[in-house]
There are 2 protein chains.
Amino acid sequence: MPTARAAIASDVPPAAGTAGRDAEVPPEQRILLAAIAIFSEHGFDGATLRQITDRARVNLAAVNYYYRSKDELVRRVLERLMGPIQARLAALEACEAAAAPGFPTLEAVIEAMVRPTVTLSRDESGGRPLIRLLLQVRALPRPETARFFQERVDPIVERFVAAIGRARPELARADIFWRYNFALGALMQVLTDSDPSLLRLARQSGGLCDTGDDEAITGQLVAFIVAGFEGPPAGAR
Amino acid sequence: MPTARAAIASDVPPAAGTAGRDAEVPPEQRILLAAIAIFSEHGFDGATLRQITDRARVNLAAVNYYYRSKDELVRRVLERLMGPIQARLAALEACEAAAAPGFPTLEAVIEAMVRPTVTLSRDESGGRPLIRLLLQVRALPRPETARFFQERVDPIVERFVAAIGRARPELARADIFWRYNFALGALMQVLTDSDPSLLRLARQSGGLCDTGDDEAITGQLVAFIVAGFEGPPAGAR
DNA sequence: GGCAATTTCAAACAGACGTTTAAATCTACC
DNA sequence: GGTAGATTTAAACGTCTGTTTGAAATTGCC
């Protein structure tokens, strides 16, 4: 049995437009990209290896050659989910660096949380499927993904909570945790909704809300979330 | 071929505690309840008819006898998803009736949106699986479910938007739509998180946030959402 | 150019899936 | 109590799944 070489993480898009030259992207990566796309559309269970290999233009057996099994392929796809979350962390660190030696404003922190994810979700070939997958993982938690999030996402949550706490020292730490999760939910909700196959909000509002407009989404989200954080604590009314 | 009689919609719980007498709940309902539970745990594709029939304590063929096929069973389960949403509508109408001849406050409208869903999600045998399914349907939109939501949920959204508009006439209609969707996202996020199998928020916060406490969740949500609605419009900063 | 290692391929595999069948069992009514 | 209908059952069906196989094709190297 020959040994399959390790995959090299890279974000080269599948070059949808340049259908002429194919040999650019190696099969191993084509499989991973196809898997992300198919998984995001049909779910991990609903997706078929034959669907994936058809899309990747490789033989069926290539999946078991490069990745050991479907489960292993799923695991490799899950690792890619860190991309959107790490982009969020990078944006936070950038805005903290920009504000040094002081601290970024609440609005800047929230924008660091929102904007990278919104931007990412515009990339139909790369980011958008990842966002869809993030939602699926949330909706159907597997034991493995729970551990995955705990280890790699929780520290980033803590970073944001700390940054918000510095911008609004009067807020109780518990309240910040609550509201950060609410903000995350609002963000994911509108990104789900802005999927071209859904567009519920745009339809509901009779076209008043343009979920295709990055600046509109970001602006609306930041305004809502900042106001939410600045409100009185839960017991105060 | 004998004709299966139509199912009668009812919300009798599976009587988990009273394991002695089984003959109370007819098999047709046991199948539907088991289907909701199994679907919510494994997804529509991941779930197996054999898992469902095992849990319902019926023969495998019973599913095709009472419901024509798995797809038809899925459709029947999807109809149950209207329960949580209709509870939301009922709460809105109740609070509007209580405020007559005036209009309910913004806080009252938001509470009507939040509280029934939070309460429902506490019912481990009935409501909780439905909430989990709602998230799955959002994450993996099928063409059928999209139409389903459009026809039956959109009118309820409109009712809430109108009620919020009456409580805060200064808000632009577009902004209300945006923020209603943000609020919905915050609600679903924290309900997902409060699932006993996850409890991320409780862990992240080191126990500061008790997602098992109905009043805590409701209070935190209402405070955040009301403040979010009361904030300045997106362009004003 | 020839050899070795790697990659591709068509074909088949066992197992699980949803579904169907026909006989067995139960239930209600005369 | 016997009969017609409804329900339950065990077993099998064809199909599709992920995976494996061994041979063919390709690639890199001396």
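This one's a predicted model, so the numbers in the text were calculated from it and none came from an experiment. Just so we're on the same page: letters track the sequence lines, and every chain starts at 1.
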**OP:** Tell me what A:Ala62 touches on the nucleic acid: a base, only sugar-phosphate, or nothing, going by heavy atoms under 4.0 Å.
**Re:**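 Nothing, no nucleic acid heavy atom in range.
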
Subject >> Heavy-atom donor-acceptor pair, A:Gln51 side chain to A:Thr48 backbone, under 3.5 Å >> reply: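 Yes.
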
**OP:** Decide yes or no on salt bridge (Lys or Arg N to Asp or Glu O under 4.0 Å) for B:Glu79 and B:Arg75, but give the supporting numbers first.
**Re:** CA-CA 6 Å; B:Glu79 274 173 19; B:Arg75 218 185 51 76; 3.2 Å; yes

Between protein and nucleotides 13-18 of chain D, what N or O pairs are separated by less than 3.5 Å?
| from | atom 1 | to | atom 2 | distance (Å) |
| --- | --- | --- | --- | --- |
| D:dT17 | OP1 | A:Thr48 | OG1 | 3.1 |
| D:dG18 | OP1 | A:Lys70 | NZ | 2.9 |
| D:dG18 | OP2 | A:Leu49 | N | 3.0 |
| D:dG18 | N7 | A:Arg50 | NH1 | 3.0 |
| D:dG18 | O6 | A:Arg50 | NH2 | 3.2 |

**OP:** Kindly say if A:Asn59 contacts the phosphate of C:dT7, meaning a side-chain N or O under 4.0 Å from OP1 or OP2.
**Re:**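 Answer is no, no contact under 4.0 Å.
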
**OP:** Examine C:dT8: is either OP1 or OP2 under 4.0 Å from a nitrogen or oxygen in the side chain of A:Tyr66? Give yes or no.
**Re:**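 Indeed, a polar side-chain atom of A:Tyr66 lies that close.
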
Without decimals, in angstroms, what is the distance between [X] [atom1] and [N] [atom2]?
X       : N      : atom1 : atom2 : answer
B:His42 : C:dG18 : NE2   : P     : 13 Å
B:Arg75 : C:dG18 : CZ    : C1'   : 18 Å
B:Ile52 : C:dC17 : CD1   : C1'   : 12 Å
B:Tyr67 : D:dT7  : OH    : C1'   : 15 Å
B:Glu72 : C:dG18 : CD    : C1'   : 15 Å
A:Asp54 : C:dC9  : CG    : P     : 12 Å
A:Tyr65 : C:dA10 : OH    : C1'   : 17 Å

Subject >> Pairs where residues 145-157 of chain B contributes a residue and the test side-chain hydrogen bond (donor to acceptor under 3.5 Å, both in side chains) is met, not counting sequence neighbours >> reply: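 Sorted pair list: A:Arg200-B:Asp154, A:Arg203-B:Asp154, A:Gln204-B:Asp154.
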
Original post:
With sequence neighbours excluded, what pairs up with B:Glu41 under the salt bridge (charged side-chain N to carboxylate O under 4.0 Å, His left out) test?
Top reply: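 Applying salt bridge (charged side-chain N to carboxylate O under 4.0 Å, His left out) to B:Glu41 gives none.
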
Original post:
Ring centroid separation for A:Phe160 and A:Phe177, is it under 6.0 angstrom?
Top reply: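 Between A:Phe160 and A:Phe177, the centre distance exceeds or equals 6.0 Å.
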
**OP:** Establish, from distance only, whether the side-chain atoms of B:Ser197 and B:Asp195 form a donor-acceptor pair under 3.5 Å.
**Re:**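 Per modelled atom types, B:Ser197 and B:Asp195 side chains form a pair under 3.5 Å.
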
Subject >> Out of C:dC9, D:dT8, C:dT20, whichever nucleotide has its closest atom nearest the side chain of A:Ala61 >> reply: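 Selected nucleotide (nearest to the side chain): C:dC9.
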
Subject >> Evaluation steps, side chain to side chain contact (heavy atoms under 4.5 Å, CB included), between B:Phe39 and B:Gln136 >> reply: CA-CA 9 Å; B:Phe39 281 150; B:Gln136 284 182 38; 5.7 Å; no

